[in-house]
Amino acid sequence: LSGRLQGENAARLLTQILQGEPPSSLPVIMSPTEYTFGYEALQRFAVGEDLLPAGALVVGKPDTFYSRYKLYLGLAAVLLTIQVMIIALLAWNIARRRKEAMARQQAVDALRESNEIFSRFMRFSPVYVFIKEVVDGRSRVLTASENFHELVGVPAGAIVGKTMEELFPAEAAARLTADDLAVDASGETLRVE
């Protein structure tokens, strides 16, 4: 009989007596047993606790930090794992954003270089160049080379948005506009002289 079981049974009997029951009316309790094993004996004979009967009590276990705080240590391990995962995700996100920023910067640099080359071409080209768009059946200038400004006699800042009729004689303007409308309708390159 373990001390705990004996104490519980004695307390129960004493409570009944204190509540007024005569001791002679109380039942005789057959000593309930509880399987109790010593920790050191189990270790000495290499018997695992999983081999003991259900509900067995092991006494004399050393009081270790792990045994005392096993639940808290498990919870701390789970929280630490979650934090490491969050940090890893944040590091991955930062690396991805840096890579995107570098790619964006490379694209901006390439565009800047391309614009610089285009700007030099438009400024120094010996060829008369003008770029136009077709809107509402009319060709309008978007940009032109510097020598084209001199050819048509329109200052650089005033040429944007001009129609062919405003820049060329009527016959040439009509032919250019017709060509532009044909290209706009077909989507194919047109070569004329």
Side-chain angles (χ1 to χ4, degrees), residues 43 46 48-51 58 61-193:
Q43 295 298 311
E49 290 186 35
D50 56 330
L51 299 175
V58 178
K61 277 187 177 180
D63 189 22
T64 63
F65 181 80
Y66 177 75
S67 66
R68 185 180 294 178
Y69 299 109
K70 185 180 354 183
L71 177 66
Y72 297 116
L73 290 172
L75 183 60
V78 168
L79 291 176
L80 182 65
T81 303
I82 290 171
Q83 286 178 339
V84 167
M85 289 172 52
I86 289 171
I87 290 170
L89 283 173
L90 289 174
W92 173 80
N93 191 23
I94 289 169
R96 182 182 56 83
R97 286 185 180 200
R98 282 185 181 163
K99 186 176 179 181
E100 288 174 358
M102 286 174 45
R104 205 171 19 258
Q105 186 60 45
Q106 288 174 346
V108 167
D109 292 345
L111 182 61
R112 185 179 297 120
E113 183 179 341
S114 176
N115 284 343
E116 181 65 29
I117 291 170
F118 179 75
S119 177
R120 286 181 186 167
F121 171 76
M122 294 300 278
R123 188 176 309 130
F124 302 115
S125 174
V127 179
Y128 298 108
V129 177
F130 64 105
I131 299 172
K132 52 192 172 171
E133 67 177 346
V134 177
V135 177
D136 299 328
R138 301 185 78 174
S139 295
R140 296 190 181 278
V141 175
L142 294 175
T143 188
S145 63
E146 288 190 17
N147 61 359
F148 182 78
H149 296 288
E150 296 168 6
L151 173 73
V152 294
V154 177
I159 200 162
V160 175
K162 296 279 187 191
T163 63
M164 298 300 102
E165 290 80 13
E166 295 172 308
L167 297 175
F168 298 103
E171 184 181 313
R175 187 174 45 103
L176 288 170
T177 301
D179 290 345
D180 291 343
L181 291 173
V183 168
D184 189 49
S186 69
E188 296 179 7
T189 302
L190 176 67
R191 296 180 186 271
V192 294
E193 186 173 329

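Only a predicted model underlies this, so the values are computations on that prediction, with no experimental measurement involved.
- Distance check: Glu133 CD to Arg140 CZ gives 8.5 Å after rounding to the nearest 0.5 Å.
- Residues Ile159 and Ala144 come closest through the heavy atom pair CD1-CB, 4.1 Å.
- Under 4.0 Å is where a charged nitrogen must lie from a carboxylate oxygen, and between Arg96 and Glu100 at least one such pair does.
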In residues 167-188, what donor-acceptor pairs under 3.5 Å come from side-chain atoms, sequence neighbours left out?
unit_1: Thr177; atom_1: OG1; unit_2: Ala173; atom_2: O; d: 2.9
unit_1: Asp180; atom_1: OD1; unit_2: Lys132; atom_2: NZ; d: 3.1
unit_1: Asp180; atom_1: OD2; unit_2: Lys132; atom_2: NZ; d: 2.8
unit_1: Asp180; atom_1: OD2; unit_2: Ser139; atom_2: OG; d: 2.4
unit_1: Ser186; atom_1: OG; unit_2: Ala182; atom_2: O; d: 3.0
unit_1: Ser186; atom_1: OG; unit_2: Glu188; atom_2: N; d: 3.2

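- Few gaps surround CD on Gln105; more than 12 heavy atoms of other groups in view lie less than 6.0 Å from it.
- Leu51 is linked by a side chain to side chain contact (heavy atoms under 4.5 Å, CB included) to Val47, counting only residues two or more places apart in sequence or in another chain.
- Here the CZ-CZ distance, from Arg97 to Arg104, works out to 9.5 Å after rounding to the nearest 0.5 Å.
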Practice task
Give the C-alpha distance, both sets of side-chain angles, the deciding distance and a yes or no for side chain to side chain contact (heavy atoms under 4.5 Å, CB included) between Gln106 and Asp109.
Solution key: CA-CA 5 Å; Gln106 288 174 346; Asp109 292 345; 5.5 Å; no
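- In terms of modelled atom types and a separation under 3.5 Å, the side chain of Ser119 and the main chain of Asn115 share no donor-acceptor contact.
- Every residue two or more places apart in sequence or in another chain that forms a side chain to side chain contact (heavy atoms under 4.5 Å, CB included) with Ser67 is listed here: Asp63, Thr64.
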Exercise for the section: Show the numbers, then the answer: is there a side chain to side chain contact (heavy atoms under 4.5 Å, CB included) between Leu73 and Phe65? Expected result: CA-CA 10 Å; Leu73 290 172; Phe65 181 80; 4.0 Å; yes
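- The shortest distance between side-chain heavy atoms of Leu151 and Phe130 does not fall below 4.5 Å.
- The distance from the CD atom of Gln43 to the CD atom of Glu49 is 8.0 Å, given to the nearest 0.5 Å.
- How far CG of Leu90 is from CE of Met85: 12.0 Å, rounded to the nearest 0.5 Å.
- Between Leu142 and Val160, the shortest heavy-atom distance links the atoms O-CG2, 3.4 Å.
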